Amino acid sequence: MRFLLLLLCLLLFGSISPAAENGSALEAKPAPKAGVVLTFDDRNMNQWVKQIPLFQKYNAQVTFFVDHFQTLTPQQIDALKQLKAAGHTIGCHGARHRKAVDYVRAHGMERYLKDEIDPAVKRMTDAGFPPTCFAYPSSSRNAEIDQALLKTFRHLRGGTGLPAGQRMRDLKAIYVPVDQIADNGCLIGTGIDYAGTEKRPDYLVEIKDAMDHAQQRGEIVVFYAHNISDKGPGHHLQPRVLEAILAHAQQIGLATLTYDDLP
């Protein structure tokens, strides 16, 4: 009898010992009460990597969606490695930044996947960045394409603009209740480039208000931008504005989430 009891104990403890040895590494991340998902697109990694200390200052991680991976230089690849090592997510933005709806209409779904998705995923995976998420170039998407891409990615990102005269807190598409994230394969974001500049002087106030709204309602809110710099090149978010966003998230207790943090 004692032998049987001892054997039973060994089996029971043996079945949980790997989790005990690895601690929380094998445990599912607890769902946040609310969060902001900051994303940045294209190939601005040499600028993005300069902001690692800023992200670390606020214990924040974000998602970078990369296109034209086949054209990246060793320096750009190294910048992505640094970003990944700092806890950020590297997602897919297509092989050649093609507009999905136009390409599928012209060539069909199979050709779109073969030309735009499969080579991008392979290049990224071979380089050590297997993507779990995808952002549609120019937010060009529909339900049929979503369904096809969700066979490869856990989550997608579309986008919507902010109509004139509308408050960002009332832009319903960019919010998802935390307990419904897993049921939303495609999350919708809104662009925040040029926030706090002469081009969009009121946007920083709107962004903070939208974050307050998400925190109060137990939701995530999704934003996207491109470069992180004072003057570009291209669409950009100034570092001082990024810091104001990160500081506000910290102040109100709003988790800063990557796509890989999402259920």
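Every value quoted in this text rests on a predicted model; they were computed, and no experiment measured them.
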For this session: Determine whether the side chains of Asp230 and His236 contain a donor N or O and an acceptor N or O closer than 3.5 Å.
Result: no
For this session: For Gln82 and Asp78, test the side chains for any donor-to-acceptor distance below 3.5 angstrom and give the result as yes or no.
Result: yes
For this session: Give the C-alpha distance, both sets of side-chain angles, the deciding distance and a yes or no for ring-ring contact (aromatic ring centres under 6.0 Å, His included) between Phe64 and His88.
Result: CA-CA 8 Å; Phe64 298 101; His88 304 290; 5.6 Å; yes
Problem set entry | Asn227 versus Pro233, closest heavy-atom pair with distance | ND2-O, 3.2 Å
Exercise. Does Lys33 use its side chain to pair, donor to acceptor, with the backbone of Glu219 at less than 3.5 Å?
Worked result: no
Exercise. So, does Asp42 use its side chain to make a donor-acceptor pair with the main chain of Val66 at under 3.5 Å?
Worked result: no
For this session: Look up atom OH in Tyr175 and atom OG1 in Thr190, then write down how far apart they are to the nearest 0.5 Å.
Result: 9.5 Å
For this session: Indicate yes or no: at least one non-hydrogen side-chain atom of Pro239 is less than 4.5 angstrom from one of Gln51.
Result: yes
For this session: May I ask you to decide if Met168's main-chain N or O and His213's side chain share a donor-acceptor pair within less than 3.5 Å?
Result: no
Exercise. Sub-3.5 Å donor-acceptor pair from the side chain of Thr89 to the main-chain atoms of Thr63, do we have one?
Worked result: no
Seminar exercise, completed: All heavy atoms of Ala86 vs all of Gln61, minimum pair found to be O-NE2, 3.9 Å
Exercise. OG of Ser138 to CZ of Arg98: how many Å apart, nearest 0.5 Å?
Worked result: 13.5 Å
Exercise. Mind checking whether Ile181 and Ile220 have side chains closer than 4.5 Å, heavy atoms only?
Worked result: yes
Exercise. Would the number of heavy atoms belonging to other residues, nucleotides or ligands and lying under 6.0 Å from CD of Gln147 be above 12?
Worked result: no
Exercise. So, Ser140 side chain and Val101 main chain: donor-acceptor pair closer than 3.5 Å or not?
Worked result: yes
Exercise. Between Glu243 and Lys57, is a salt bridge (Lys or Arg N to Asp or Glu O under 4.0 Å) present by the stated rule, with each step listed?
Worked result: CA-CA 9 Å; Glu243 179 161 19; Lys57 178 179 178 180; 2.7 Å; yes
Exercise. Any side-chain heavy atom of Thr256 sitting closer than 4.5 Å to one from Gln250?
Worked result: no
For this session: Side-chain contact test, heavy atoms from C-beta onward, threshold under 4.5 Å: evaluate it for Asn44 versus Ile228 and give yes or no.
Result: no
For this session: Answer yes or no: is there a donor N or O on one side and an acceptor on the other, between the side chain of Asn184 and the main chain of Cys186, under 3.5 Å?
Result: no
For this session: Compute whether any side-chain donor of one residue and acceptor of the other, for Tyr224 and Asp41, lie under 3.5 angstrom apart.
Result: no
Problem set entry | Proximity of Tyr112 and His107 rings by center, below 6.0 Å | no
Problem set entry | Ile192 side chain reached by Ile245 side chain, heavy atoms, under 4.5 Å | yes
Problem set entry | Check: Leu156 and Tyr136 side chains under 4.5 Å, non-hydrogen atoms | yes
Exercise. Rounded to the nearest 0.5 Å, how far does OG of Ser229 lie from CD of Gln47?
Worked result: 5.5 Å
For this session: Using atom types as modelled and distance alone, determine if a side-chain donor or acceptor of Arg169 lies under 3.5 Å from a backbone N or O of Asp212.
Result: no
For this session: Output the distance between atom CG (Leu113) and atom CG (Leu149), rounded to the nearest 0.5 Å.
Result: 6.5 Å
Exercise. Would you say Glu116's side chain and Arg96's backbone share a donor-acceptor pair under 3.5 angstrom?
Worked result: yes
Problem set entry | His226 vs Leu237 side-chain heavy atoms within contact, under 4.5 Å | no
Exercise. So, do His248 and Gln251 sit near enough that their side-chain heavy atoms are less than 4.5 Å apart?
Worked result: yes
Exercise. Going from OG1 on Thr125 to CZ on Phe129, what distance comes out if it is rounded to the nearest 0.5 angstrom?
Worked result: 11.0 Å
For this session: Quick one: sort the His93 and Phe134 rings into parallel, tilted or perpendicular, breaks at 30° and 60°.
Result: tilted
For this session: Begin from the C-alpha positions of Asp118 and Lys114 and carry the test salt bridge (Lys or Arg N to Asp or Glu O under 4.0 Å) through to its verdict.
Result: CA-CA 5 Å; Asp118 295 345; Lys114 181 179 178 181; over 6 Å; no
For this session: Answer yes if the ring centres of Tyr194 and His235 are under 6.0 angstrom apart, and no otherwise.
Result: yes
Exercise. What closest approach, in Å, do Ala34 and Gly218 show between heavy atoms, and which atom pair accounts for it?
Worked result: CB-CA, 4.1 Å
Exercise. side-chain contact (heavy atoms from CB on, under 4.5 Å) between Val37 and Leu187: does it pass, once the steps are laid out?
Worked result: CA-CA 10 Å; Val37 181; Leu187 306 175; 5.6 Å; no
Exercise. Quick one: does NZ or CZ of Arg123 land under 6.0 Å from the six-membered ring centre of Phe69, within 45 degrees of the ring axis?
Worked result: no
Problem set entry | Asp261 (side chain) donor-acceptor with Thr258 (main chain) under 3.5 angstrom | yes
Problem set entry | CG-CG distance between Leu242 and Leu246, expressed to the nearest 0.5 angstrom | 4.5 Å
Problem set entry | Arg105 vs Asp102, salt bridge (Lys or Arg N to Asp or Glu O under 4.0 Å): CA-CA, chis, key distance, verdict | CA-CA 5 Å; Arg105 183 184 297 117; Asp102 291 347; 3.2 Å; yes
Problem set entry | Side-chain donor or acceptor of Gln166 paired with backbone N/O of Asp170 under 3.5 Å | yes
